[in-house]
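The block underneath contains the structure these notes are about, expressed in structure tokens.
This chain uses plain numbering: 1 for the first residue, then up along the sequence.
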Amino acid sequence: MIDLIAHNLAPIMFTTVMAMLLLGYPVAFTLAAGGLIYFVLGVELSIFSSEIRLFWPLLQSHPERIYGIMYNDTLLSIPFFTLMGIILERSRMAEDLLDTIGQLFGPIRGGLAYAVILVGALLGATTGVVAASVMAMGLISLPIMLRYKYNGPLVSGTIAASGTLAQIVPPSLVLIVMADQLGRSVGDMYVGALYPALMIIAAYCAYIFAVTIIKPEWAPALPKEARTLGDGVTSLLVMIAIGTGLYFLGYHILFTGIASAEWQLVAALAFGVISVYVFALVNRGMQLNVISRLAQEVIIVMVPPLALIFLVLGTIFLGIATPTEGGAMGATGALIIAAAKGRLNLAILKNALDATTRLSAFVMMILIGARVFGLTFYGINGNVWVEDLMLALPGGEYGFLIVVTIIVFILGCFLDFFEIAFIMVPLLVPVAQSLGIDLVWFGIILGINLQTSFLTPPFGFSLFYLRSVAPEGRWRDKVTGQMQDGIKTLDIYKGVLPFIIIQFLAIITVIAFPGLVMHYKGDAVVQDPSTIQITIPQPTDGGGITMPSFGLPPLGSEAPAGGAGQQPALGLPPLDLGQPPAIQPPAGAAPAAPAPAPAPSMDLSQPPVIQ
């Protein structure tokens with residue numbers, strides 16, 4: 001019996017720890033306790049199995065491993081991006097965006113739903129926090145959409161799904177953690193996630209468009225009296241054209257003296273955007289009425305978050321800043337935007353720093369527990385067990401990706417993405433590498449999968465966030481004074497089902513078309529080994545090898561006496577390797593004894609003569 005336990009300690013340990021996590025025990029302490037308990041068992045059972053490689057002095061490696069976590073530059077970007085998101089959320093940026101974009105898309109059917117999706121993408125690119133996005137849009141958009149007779153399940157599904165875009169839209173915290181666990185660059189993860197994220201946003205909008213065609217009563221347009229900013233799309237398009245023209249003017253004429261192409265691009269963009277933004281501010285402050293009120297408000301509300309997104313992601317994509325530096329600039333930009341709007345005070349700053357510290361400590365504690373767990377699990381050959389199990393799956397890399405997608409999806413219904421990233425991903429990376437799977441591609445697939453698990457009934461986290469802010473019973477609209485039907489839990493479940501299908505289609509698409517992610521590698525030229533030719537210098541007629549002279553005289557000969565083709569001597573004496581080097585004694589020293597006669601030369605072209 002003891003032999004059986006010793007030979008199967010890895011699956012026993014993995015099953016026990018996962019069961020404790022699913023029962024709701026604290027993640028960090030469960031991982032650390034499981035690692036230490038099974039370390040003791042492993043040391044005691046090591047005499048029964050050669051597969052167990054644990055011994056007591058190995059515990060002394062834990063301080064160094066924990067210090068490695070604290071020294072990790074990649075994880076330093078987490079508190080920066082968290083602080084940026086919380087400051088923007090506290091400054092009511094979501095409220096401004098939803099109100100303005102809702103007015104912009106209000107005249108078309110489904111306009112409020114489109115606004116929720118686009119604002120969800122913008123919040124994902126600025127806050128990166130699912131809970132903040134879902135709850136903000138639930139509090140702001142849900143009453144407005146229900147007031148104008150939007151379908152309840154459609155409303156709840158759109159808000160819940162749009163909030164989860166923070167999981168996959170850069171600069172997502174999921175992508176940062178995934179890059180750390182995969183051993184890849186955060187910038188590569190961001191670039192690789194760009195096309196899949198845009199594809200998912202477009203698929204959400206396409207679904208809303210299909211609903212407005214099939215069931216137009218589910219997503220009506222805003223009535224005329226609700227469009228408080230009036231019309232003026234033409235004025236907005238003119239301002240966009242002017243900004244684009246100023247960009248080309250700056251790039252091709254004004255800033256051509258900038259040596260770096262990246263900084264030239266940044267200067268031209270800043271020139272065009274700032275010019276349009278300042279004009280909109282002047283138009284509103286001096287009441288010039290040169291552009292429409294709608295165009296004015298859209299520019300004033302949209303430019304700061306878009307500029308912040310470019311400040312963070314643009315500098316990373318262009319190679320100007322690292323992700324950590326981009327996060328620091330983003331946090332600074334968020335503080336400036338909140339202060340400029342008069343929405344930054346000591347209480348908001350204190351709450352933001354407190355929440356940032358809590359999340360950062362939460363991540364670090366889970367990582368420390370995962371390191372303790374990992375040391376023991378690897379010491380009992382748990383990684384070999386997982387690798388053998390996964391490599392035995394049929395279908396090669398696609399079979400592995402499908403099975404992993406199913407496993408991570410199921411675990412995502414019960415566990416937070418931090419727990420999955422710190423426990424499962426390190427075990428799956430060696431298998432993916434042995435199958436030749438690109439790890440950035442693998443990480444993006446896992447990221448979309450974790451986004452999907454946030455929507456899955458009955459345990460999807462996004463559903464709980466929406467449930468906490470959505471009225472369940474009948475409620476009175478403060479604007480109209482009318483009673484409205486609430487959102488039942490079943491409505492939320494029904495509403496997210498189409499978006500779950502979209503998510504699965506997105507995963508299948510990314511698996512089937514790796515180029516959606518692989519573009520992060522750029523246009524680097526890959527050399528085919530079969531085309532490489534190695535040229536070896538051929539012997540001369542005398543049997544020697546003609547070697548380059550590098551400007552030195554030939555060995556064992558005098559320097560040429562001039563004439564065409566003379567090699568420069570570089571001020572060096574002629575080299576004669578046939579004689580030992582002449583060593584001059586120091587001044588005042590006794591003369592050295594005469595050197596012994598040189599040994600007779602040997603003719604290596606003839607066989608040796610044996611006396």
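Summarising the geometry, atom CG belonging to Leu401 is positioned 5.0 Å from atom CD1 belonging to Ile511; distances are rounded to the nearest 0.5 Å. A distance of 7.0 Å separates CE in Met137 from CG in Leu98, rounded to the nearest 0.5 Å. Put simply, CE on Met178 and CZ on Phe422 are 10.0 Å apart, with the number rounded to the nearest 0.5 Å. With rounding to the nearest 0.5 angstrom, the CG atom of Leu367 is 9.5 Å from the CE atom of Met70. Going from atom CD1 of Ile507 over to atom OG1 of Thr405 covers 5.5 Å, rounded to the nearest 0.5 Å. Atom CD1 of Ile309 sits about 5.5 Å away from atom CG of Leu306, to the nearest 0.5 Å.
Side-chain N or O atoms of Ser434 include one that pairs as donor or acceptor with a backbone N or O of Val431 at under 3.5 Å. A donor-acceptor pair under 3.5 Å is formed between the side chain of Ser172 and the backbone N or O of Gln167. Side-chain N or O atoms of Asn381 include none that pairs as donor or acceptor with a backbone N or O of Val384 at under 3.5 Å. Panel note: side chain Thr15, backbone Ile12; no donor-acceptor pair is recorded below 3.5 Å. Of the possible donor and acceptor atoms, one in the side chain of Thr376 sits under 3.5 Å from a partner among the backbone N and O of Gly35. Side chain of Trp441 to backbone of Val510: a donor-acceptor contact under 3.5 angstrom is found. Remark: side-chain polar atoms of His519 are paired, donor with acceptor, to backbone N or O of Val191 under 3.5 angstrom. Under a 3.5 Å cut-off, the side chain of Ser156 and the backbone N or O of Gly495 do not form any donor-acceptor pair. With hydrogens and angles disregarded, no donor-acceptor distance shorter than 3.5 Å links the side chain of Asn449 to the backbone of Val408.
The shortest non-hydrogen separation linking Ala321 to Glu325 is CA-OE1, 3.4 Å. Across every non-hydrogen atom of Pro11 and Trp385, the tightest pair is CB-CZ2, 3.5 Å. Taking every heavy atom of both residues into account, Leu83 and Ala331 meet most closely at CD2-CB, 4.2 Å. Minimum heavy-atom separation, Leu142 to Ala470: CD1-CB, 4.1 Å. Of all the heavy atoms in Tyr207 and Pro498, the pair that sits closest is OH-CG, 3.4 Å. In terms of heavy atoms, Ile117 sits closest to Leu165 at O-CD1, 3.9 Å.
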Could you walk me through whether Arg467 and Thr489 satisfy the side chain to side chain donor-acceptor pair (under 3.5 Å) test, starting with their C-alpha distance in whole Å, then the side-chain angles of each, then the deciding distance to 0.1 Å, before giving a yes or no? CA-CA 7 Å; Arg467 177 71 284 168; Thr489 302; 3.2 Å; yes
With side chain to side chain contact (heavy atoms under 4.5 Å, CB included) as the criterion, how do Tyr204 and Ile200 come out once you've worked through the C-alpha distance, each side chain's angles and the decisive distance to 0.1 Å? CA-CA 6 Å; Tyr204 285 4; Ile200 293 172; 3.8 Å; yes
Walk me through it: do Leu88 and Leu308 pass the test side chain to side chain contact (heavy atoms under 4.5 Å, CB included)? CA-CA 11 Å; Leu88 292 176; Leu308 188 63; 3.4 Å; yes
Under the criterion side chain to side chain contact (heavy atoms under 4.5 Å, CB included), I'd like the reasoning laid out for Val404 against Leu446: C-alpha separation, chi angles, the key distance, then a yes or no. CA-CA 9 Å; Val404 168; Leu446 292 179; 3.8 Å; yes
Under the side chain to side chain contact (heavy atoms under 4.5 Å, CB included) criterion, do Val186 and Thr324 qualify, and how do the steps go? CA-CA 9 Å; Val186 177; Thr324 302; over 6 Å; no
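Tyr195 OH: 12 or fewer foreign heavy atoms inside a 6.0 Å radius. For Leu346, the CG atom counts as loosely surrounded, since its 6.0 Å shell holds 12 or fewer non-hydrogen atoms of other residues, nucleotides or ligands.
The side chain to side chain donor-acceptor pair (under 3.5 Å) pairs that include a residue from residues 350-374 are Asp354-Arg358, where partners are two or more places apart or lie in different chains.
With contacts defined as side-chain heavy-atom distances shorter than 4.5 Å, the pair Leu173/Ile176 qualifies. The shortest side-chain heavy-atom distance between Leu463 and Pro457 falls under the 4.5 Å cut-off. In this structure, the side chains of Leu58 and Phe55 come closer than 4.5 Å at one or more pairs of heavy atoms. In this structure the side chain of Phe461 never reaches within 4.5 angstrom of the side chain of Leu455, judged on heavy atoms. Gln503 places none of its side-chain heavy atoms less than 4.5 Å from the side chain of Phe454. Between Arg53 and Ser46, the closest side-chain pair of non-hydrogen atoms is not below 4.5 Å. The side-chain heavy atoms of Val517 and Pro514, taken from C-beta on, include no pair separated by under 4.5 Å. Two residues are said to be in side-chain contact when any heavy atoms from C-beta on lie closer than 4.5 Å; Met365 and Val27 fail this criterion.
Aromatic rings of Phe409 and Phe504 (six-membered ring for Trp) have centroids within the 6.0 Å cut-off, being under it. In this structure, the ring of Tyr190 has its center no less than 6.0 angstrom from the ring center of Phe317. Side-chain rings of Phe400 and Phe442 approach one another, their centers coming within less than 6.0 Å.
Note on Asp188 versus Lys521: no salt bridge recorded, every NZ/NE/NH1/NH2 to OD/OE distance being 4.0 Å or above.
Side-chain atoms of Tyr38 and Thr16 include a donor-acceptor pair closer than 3.5 Å.
Not counting sequence neighbours, Ser468 has no partner by the side chain to side chain donor-acceptor pair (under 3.5 Å) test.
Note on ring orientation: taking the six-membered ring where Trp is involved, the planes of Phe14 and Phe377 are tilted (angle from 30° to 60°).
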